[in-house]
Structure formats: C-alpha cells, structure tokens
Amino acid sequence: MRIHVIGCSGSFAGPDGAASSYLLEHEDAAGRIWRVLMDLGSGAFGPLQRLIDPVDLDAVIVSHLHPDHYLDLTGLEVFRAYHSRVDLPLLPLHAPAPLADRLAAVVGREGHIPAGVDRSPFEYHVLADRQRLVIGPFEIETRAVVHPVEAYGFRITAAGQTVAYSGDTDSCAALEELARDADLFLCEAGYIEGRDDRFTGVHLTGRRAGQAAARAGVRDLALTHIPAWTDPAVPLAEAREVYTGRLRRVRPMDILEVVPSHTPEEGAP
Ligand SMILES: [Zn+2]
Ligand SMILES: [Zn+2]
C-alpha cells in the first residue's frame with residue numbers, strides 16, 4: 001500500500017501547499033491499481049490532478065466536515081458531473097451525513113443534483129462509528145474521535161499492511177485503538193504544547209500524538225496537519241520526547257510506502 005500526500009497543511013491551505021488530502025493506492029493480485037481518496041480539503045483538488053486523472057478514483061472517504069478536509073469536493077463534483085465522458089460510474093463517497101447538503105449550500109442550490117445534469121456524480125454513504133468498509137483490496141474501519149464536529153479516524157488494511165489515520169482529534173481511547181500495532185500512523189499534530197493549551201477537545205499536539213503512538217505500539221509515526229504558523233520542528237521535538245520509533249512529518253507530494261513494521265527484515269543490520 002502507498003499513500004500520496006496531496007495536501008497536509010493544518011486547518012487551512014498554507015503557502016507551501018493545500019489542506020488535508022491523501023491518496024491511498026494498492027495494486028491487487030490482478031494488477032489493477034485501486035485508488036481511494038481520503039479527505040479533499042481546501043486547495044487539494046489542483047495538486048491531486050498532478051498525480052492522477054480524477055476519473056480513476058474508486059471511492060472517497062471524508063473524516064469530517066471542516067473545510068480543510070472536504071471543501072474541494074466542490075471541484076471534484078463539477079469535474080465528475082460535467083465531464084465529457086458521460087459513462088463515468090457514480091463515485092462512492094463515504095462521509096458524515098450532512099455532506100450532500102453542505103455541497104449544495106456552497107453553490108446555493110436546492111437538492112443534491114448539479115444544475116443541468118440529471119444526477120449527482122456521487123453515491124453518498126453515511127459514515128458511522130465502528131463501520132467496516134470494503135473497497136477493492138482495502139478494508140477500512142471507522143472510529144469516532146474527539147473534535148468539535150462529528151469526526152472519524154480510519155484504520156485501513158490492504159494485503160496485511162495497516163495504516164491508521166487520525167483525522168482531526170484530541171487524545172482519546174479510540175485513537176489508540178485505531179493505531180494499535182499499525183505499520184504507519186498518519187497522525188495530526190495541529191497544536192503545540194503551551195501556546196494552544198487553552199483549547200481542549202480539538203487537536204493533538206506533537207506530544208499527544210507521540211504518546212498515542214507509543215501506547216499503540218506504532219513503529220512509524222508521520223505527523224501531519226501542522227498549520228502554516230507552526231514551525232514543524234516544534235511538534236516533532238515534542239513527539240520525540242515521548243516516542244522512540246521512526247518519526248517524521250509529511251510534506252506535499254510525499255509518497256509513503258507502507259511496509260510491515262513488525263516483521264524483522266532478513267539481513268537487516
Ligand atoms: Zn483539520
Ligand atoms: Zn477539523
């Protein structure tokens with residue numbers, strides 16, 4: 001399994017890239033590459049097109065309905081609704097319930113069908129806690145996490161490799177359950193200790209992300225959702241104090257290859 005970082009700027013698009021969006025790819029036994037898009041936040045639809053033709057998406061999963069995680073679905077909706085290829089299948093879109101209404105509100109229309117066409121390009125599915133979705137070779141488990149709006153983290157498994165994605169959350173038991181023994185933990189670190197102590201129930205700090213990774217037994221922690229006003233060295237240093245495994249922060253267009261981390265590599269030093 002592979003993750004392309006489309007955007008990873010926390011809370012809003014930054015000068016160096018878009019807000020949250022990640023493309024999951026996995027090639028099945030028949031050689032077909034499956035593509036699931038995880039969030040499509042502000043500014044992310046542009047760079048997505050540098051990587052793939054959005055015609056080729058198999059599904060979209062949306063962690064929660066903050067603009068930095070879903071707003072560029074407005075662009076994907078236009079792309080799929082008015083594309084010259086009229087044979088495109090409906091694109092499965094798994095998201096918290098109000099998404100269809102939100103997209104309609106953004107463009108000021110009644111109902112869920114874009115003007116001038118006869119159907120929505122999306123097949124809406126409502127996310128709930130502890131769901132298990134199967135999309136091609138991907139198995140995706142959802143867990144409700146702690147954020148000011150309904151929000152989910154995801155645990156994604158394909159061919160024995162597991163990725164955990166925090167979405168946006170503060171510390172909670174569900175986060176550690178999602179990340180338990182994951183091969184890669186893509187975890188937000190939107191806040192830093194001290195400066196952001198006045199907010200609770202919203203975001204993790206680097207320290208809280210590191211604590212969750214350590215408790216979950218994760219050996220590869222990738223911090224994301226660091227906002228433009230934060231020096232990434234700060235959350236990285238916070239995580240390092242409490243977590244001893246592999247640690248990095250992601251950048252736009254990074255490619256994260258997910259490899260099993262709990263099987264010793266033969267011949268490794
Ligand atoms: Zn966010
Ligand atoms: Zn959020």
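We're numbering straight along the sequence, starting at 1. Note: hydrogens, waters and symmetry copies are ignored here, and every other heavy atom, side chains too, is used. Since we're looking at a predicted model, the values are computed, not measured. We count ligands from 1, going down the list as the structure has it; atoms in each ligand are counted the same way.
- Residue Ile3 is grouped with residue Ile61 when hydrophobic side chains (ILVMFWY) are merged at heavy-atom distances under 4.5 angstrom, including chains of intermediate members.
- For Arg180 (side chain) and Arg215 (main-chain N/O), a donor-acceptor pair under 3.5 Å exists by modelled atom type.
- A donor-acceptor pair under 3.5 Å links the side-chain atoms of Ser42 to the main chain of Pro67, judged by distance alone.
- Checking side-chain atoms of Asp68 against main-chain N and O of Ala13 turns up no donor-acceptor pair under 3.5 Å.
- Protein N/O/S atoms found under 2.8 Å from the Zn ion (ligand 1), listed by chain and residue number: Asp68 OD2, His69 NE2, Asp168 OD2, His225 NE2.
- Residues Val258 and Thr162 come closest through the heavy atom pair CG1-O, 4.1 Å.
- Residues His83 and Phe79 place their aromatic rings such that the two centres sit under 6.0 Å apart.
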